[in-house]
Amino acid sequence: MPELPEVETVRRGLARSIVGRRVESARLLRRDVLRTGGRAGPAALLAGGTIAAALRRGKHLAIEARDGRALGVHLGMTGQLLVTRPGARAGRNDHAHARWAFDDGTVLVFRDPRRFGGLWSYPSLDALRADRWADLGPDALRITAHELAVRLARGRRAVKAALLDQAVLAGVGNIYADEALFRAGVHPCREAGSLTRHELERLADSIRGVLREAIRAGGSTVRDYAGADGRPGRQQERNLVYGRGGQPCVRCERLLATGLVAQRRTVYCEACQRLPMSYPHTNASDSSARRERRVRRKAPECSSD
DNA sequence: CACCACCCCTGGACGC
DNA sequence: TGCGTCCAGGGGTGGT
């Protein structure tokens with residue numbers, strides 16, 4: 001659920017509310033939510049430490065204590081980090097899996113109904129980076145056309161599948177992949193390695209642009225997402241294709257198409273995001289055409305509804 | 001190695 | 001109202 005803009009909004013909320021605060025007590029309410037076996041107990045949740053920083057890489061969060069300990073947080077699909085300021089009414093508490101109380105009375109809760117998210121405890125930020133962040137590509141907020149070109153080069157999968165791959169670039173999920181491809185005028189099923197230099201420039205610009213716009217709006221709230229202050233985002237109203245299948249394209253008014261790419265619901269405009277004629281067979285080798293047919297028989301890689 | 005299918009889990013929307 | 005079905009923004013893993 002939360003992609004880069006939503007995670008960045010949460011990070012900023014944490015930076016405002018818990019950085020500089022001391023963890024008076026920390027409790028894990030559901031053991032298996034802490035994914036690092038061995039390190040358990042309050043110390044694994046930074047108890048006794050003072051929060052030095054809240055960091056983000058792609059969709060991953062890290063909370064660092066001044067003594068060096070670090071806690072990785074991933075929100076998965078439905079994870080939330082909710083801050084309750086002293087004296088304020090507590091937010092939702094169902095599916096709360098961990099709770100922190102700070103020296104100024106601030107309370108932080110990690111809740112995650114679907115439990116695709118989790119917590120990872122490390123003795124140092126370096127250890128966290130080496131274990132959890134090592135395989136992440138460059139942060140999508142600062143992706144350049146050149147970095148994108150290098151990482152998409154010769155790739156045969158659909159460009160949308162590549163954008164969702166966190167090793168290619170970190171932070172883009174289903175919503176902003178569709179938004180960035182639409183803004184760049186690139187069809188989601190284009191072979192990743194087939195994009196022209198000009199298309200790569202537009203795509204990199206679109207990725208950075210839509211992510212920045214979404215951060216300004218506090219993220220997209222489709223269902224569960226809320227910032228650390230519990231407030232929903234406003235970007236969902238500004239998204240041009242996500243969630244708008246069957247509605248008119250904002251550019252050409254043709255009805256937006258929906259399909260399935262990389263097992264994800266995909267919305268795009270067939271007029272504004274064109275595929276070359278008889279794609280992909282025009283530029284596919286025999287072996288890839290065979291692979292394409294084999295894939296198509298089981299589950300189409302790129303199918304429209 | 002690159003890529004894909006499948007799985008993890010709960011809740012909300014929808015149809016009957 | 002109640003039940004069944006489908007779907008959802010995430011990633012990890014095992015197989016091809």
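Here is how names work: the chains are called A, B, and so on, in the same order as the sequence lines, proteins then strands, and each is numbered from 1.
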Check your understanding: At what distance, to the nearest 0.5 angstrom, does CZ of A:Arg66 lie from CG of A:Leu46?
Key -> 13.0 Å
Study note, to complete from the structure: To the nearest angstrom, the CG-C1' distance between A:Leu164 and C:dG12 comes to 15 Å
**Study point:** Spacing of NE2 belonging to A:His74 relative to CG belonging to A:Leu119, to within rounding of 0.5 Å
**Key:** 12.0 Å
Check your understanding: Any chance the side chains of A:Thr106 and A:Asp104 put a donor and an acceptor closer than 3.5 Å?
Key -> yes
Review point. If you measure from the ring centre of A:Phe116 to the centre of the six-membered ring in the base of B:dC8, is it under 5.5 Å, with the planes under 30° apart?
Key: yes
**Study point:** Between P of C:dG12 and CH2 of A:Trp133, the distance in whole Å
**Key:** 14 Å
Review point. Does OP1 or OP2 of B:dC8 have a side-chain N or O of A:Arg115 closer than 4.0 Å?
Key: no
Study note, to complete from the structure: When rounded to whole Å, the CE to P distance for the pair A:Met77 and B:dC7 reads 16 Å
Review point. How long is the line joining CG of A:Asp165 and P of B:dC4, in whole Å?
Key: 10 Å
Review point. Just checking, any donor-acceptor pair under 3.5 angstrom between side chains of A:Thr78 and A:Tyr225?
Key: no
Point to revise | Point-to-point distance, once rounded to the nearest 0.5 Å, from CH2 of A:Trp100 to CG of A:Leu28 | key: 8.0 Å
Review point. Looking only at atom P, what distance separates C:dG14 and B:dC9, rounded to whole Å?
Key: 16 Å
Study note, to complete from the structure: Pairs under 3.5 Å (Watson-Crick or G-U), crossing ones as [ ], inter-strand ones as |: DNA chain C comes out as .|||||||.|||||||
Check your understanding: Atom CG of A:Leu136 and atom P of C:dG12: how far apart are they, to the nearest Å?
Key -> 8 Å
Exercise for review: Return the 5'-most residue of the pair A:Arg132, A:Asn174 with respect to DNA chain C, ranking by each residue's nearest nucleotide.
Suggested key: A:Asn174
Exercise for review: Carefully, step by step, assess A:Leu260 and A:Arg264 under the rule side-chain contact (heavy atoms from CB on, under 4.5 Å).
Suggested key: CA-CA 5 Å; A:Leu260 208 56; A:Arg264 305 303 200 89; 5.6 Å; no
Exercise for review: Take the protein atom CZ of A:Arg223 and the nucleotide atom C1' of B:dA13, then report the distance between them rounded to whole Å.
Suggested key: 7 Å
Practice item. Give A:Gly155 one of three labels, base, sugar-phosphate or nothing, depending on what nucleic acid heavy atoms sit under 4.0 Å from its own. Key: sugar-phosphate
**Study point:** Nucleotide nearest A:Ala161 (side chain, heavy atoms from C-beta), chosen from C:dA8, B:dC4, C:dG10
**Key:** B:dC4
Review point. Looking across every strand, which nucleic acid part, if any, lies under 4.0 Å from A:Arg111 by heavy atom: base, sugar-phosphate, or nothing?
Key: nothing
Review point. Can you find a side chain N or O atom of A:Gln166 that sits less than 4.0 Å from OP1 or OP2 on C:dG11?
Key: yes
Check your understanding: For A:His95 and B:dG11, is the shortest distance between a side-chain N/O and OP1 or OP2 below 4.0 Å?
Key -> yes
Check your understanding: What integer distance in Å separates A:Glu3:CD from C:dG11:P?
Key -> 9 Å
Point to revise | Base B:dC9 paired with A:Arg114 side chain (donor-acceptor, <3.5 Å) | key: yes
Review point. CG of A:Asp94 versus C1' of B:dG12: gap in Å, rounded?
Key: 14 Å
Point to revise | Proximity to the side chain of A:Gln263 - top-ranked nucleotide from B:dA5, C:dG9, C:dG11 | key: B:dA5
**Study point:** Identified salt bridge (Lys or Arg N to Asp or Glu O under 4.0 Å) counterpart of A:Glu8 within the set A:Arg216, A:Arg57, A:Lys59, A:Arg56
**Key:** A:Arg56
Check your understanding: Do you know the tightest heavy-atom contact between A:Thr221 and A:Gly233?
Key -> OG1-N, 2.7 Å
Check your understanding: Given the P atoms of B:dC6 and C:dC6, what is the spacing between them in whole Å?
Key -> 16 Å
